Amino acid sequence: MKYFKLNDGTKVPAIGFGTFKITEEADMERSIGSAIEAGYRYFDTAKYYENEDLVGKYLKGSGLKREEIQVATKVWPVDFDPEACKRSIENSLKKLDLDYIDVLLLHWYGEDFDKAWKVFQAYRDQGLVKSIGVCNFTIPQLTELISLGEKPVLDQLESHLYLQDTDNKNFLMENGILHQAWGPLSQGKSNLLDEQILKEIGDKYGKTPAQIALKWNIERDTMVLVKSSNEGRIKENISIFDFDLSEEDMNALASLDRKERFSNDPENKEWLDKIRRG
């Protein structure tokens with residue numbers, strides 16, 4: 001396993017397991033069990049996913065010690081008011097059945113994010129949260145946050161070969177903020193894995209197109225979050241640390257950039273206002 005070091009000194013694995021839309025108990029039990037067996041140790045959830053209780057249940061039943069796993073969760077913009085933010089964090093701790101949260105994230109930019117950030121800092125200072133960061137923040141939004149005096153440890157963004165987001169990536173690197181990619185395989189909403197260049201490079205290393213797409217992100221110092229309830233795919237996704245892509249491979253893959261997004265635009269003010277209102 002490769003690890004990245006956050007700007008607060010914490011180390012995180014280069015690949016983590018996402019749980020978005022896994023809400024059925026049988027699916028969560030199977031997914032968490034397969035992920036643990038395959039070697040995943042970083043698990044990402046959110047209040048918005050409505051599955052923190054299941055994530056906590058099956059991580060606790062995994063047999064791993066608390067210090068062997070890292071759990072990330074998020075606060076939705078409707079809860080950015082200080083008191084609501086505190087309730088959200090307390091509820092997450094209770095549902096996850098944890099004494100502390102490893103990584104706590106602002107789920108999107110929104111009104112009162114600065115107030116929620118102060119709450120995050122207070123919980124971190126109390127030891128109830130280890131690291132604090134954000135999701136879906138663009139350069140102007142990050143700049144506004146950084147002006148408050150503390151940089152987030154990471155920014156979780158939709159990132160894949162069709163949306164390489166070079167400007168955001170460079171800004172994060174320049175500021176010592178880890179780039180964390182969600183949807184690194186474009187959420188199955190495109191024909192990304194049918195690209196011939198992925199097959200050709202995969203054949204060279206004995207890897208699948210999905211493994212090449214994931215490895216490309218990691219090679220550019222981006223942590224990836226993958227999600228599946230299929231045991232075979234769960235194992236496949238993490239089996240990417242026994243080879244390295246060449247500079248030629250990286251350049252060839254970079255040519256696939258379409259600047260194409262398959263989720264909501266983090267600069268869409270109507271969307272941001274909608275999620276702020278709940």
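Side chains included, hydrogens not; waters and symmetry mates left out as well; all remaining heavy atoms used. Since the structure is predicted, the reported quantities are computational estimates derived from the model, not experimental observations.
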Close side-chain approach of [X] and [Y], heavy atoms under 4.5 Å:
X	Y	answer
Asp79	Lys47	yes
Leu161	Asp257	no
Tyr49	Lys21	no

Can you confirm whether the side chains of [X] and [Y] place a donor and an acceptor under 3.5 Å from each other?
X	Y	result
Ser131	Asp102	no
Asn268	Asp265	no
Thr10	Lys130	no
Glu236	Asn230	no
Trp108	Asn264	no

Take atom [atom1] in [X]; do more than 12 heavy atoms of anything else shown fall under 6.0 Å from it?
X	atom1	result
Gln126	CD	yes
Gln196	CD	yes
Glu68	CD	yes

Quiz item: Would Phe113 and Phe80 count as a close aromatic pair, with their ring centres under 6.0 Å?
Solution: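 No, too far apart.
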Self-check item: Face-on cation placement of Arg66 at Tyr100 ring, 6.0 Å and 45° thresholds
Solution: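 Yes.
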Quiz item: Within 45° of the axis and under 6.0 Å from the centre of the six-membered ring of Tyr3, does NZ or CZ of Lys11 qualify?
Solution: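 Verdict for Tyr3: a cation-pi partner in Lys11.
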Ion pair [X]/[Y], N-O distance below 4.0 Å:
X	Y	answer
Glu150	Arg124	yes
Glu174	Lys151	no
Lys227	Asp44	no
Asp81	Lys115	no
Lys269	Asp273	no
Arg261	Glu158	yes

Quiz prompt | Lys57/Ile32 under side chain to side chain contact (heavy atoms under 4.5 Å, CB included): CA gap, chis, key distance, verdict | solution = CA-CA 10 Å; Lys57 177 180 179 179; Ile32 294 286; over 6 Å; no
Practice problem: Would you name the heavy atoms of Lys169 and Asp221 that are closest together and state the gap between them? | Solution: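 Shortest heavy-atom separation between Lys169 and Asp221 comes out as NZ-O, 3.0 Å.
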Self-check item: Exam field: side chain Arg41 to backbone Ile36, donor-acceptor pair closer than 3.5 Å
Solution: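 Side chain of Arg41 to backbone of Ile36: a pair is present.
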Exercise. Test Asp249 against Tyr205 for side chain to side chain donor-acceptor pair (under 3.5 Å), laying out the working first.
Key: CA-CA 11 Å; Asp249 297 329; Tyr205 297 104; 2.4 Å; yes
Quiz item: side-chain contact (heavy atoms from CB on, under 4.5 Å) with Ser239: which residues, sequence neighbours excluded?
Solution: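 Counting only residues at least two positions away or on another chain, Ser239 forms a side-chain contact (heavy atoms from CB on, under 4.5 Å) with Gln211.
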Practice problem: For the residue pair Trp117 and Phe120, categorise the inter-ring angle as parallel (less than 30°), tilted (30 to 60°) or perpendicular (more than 60°). | Solution: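 Tilted.
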Exercise. Evaluate the side chain to side chain contact (heavy atoms under 4.5 Å, CB included) criterion for residues Asn217 and Leu214: first the C-alpha distance (whole Å), next the side-chain angles of each, then the deciding distance (0.1 Å), finally the verdict.
Key: CA-CA 5 Å; Asn217 254 317; Leu214 294 173; over 6 Å; no
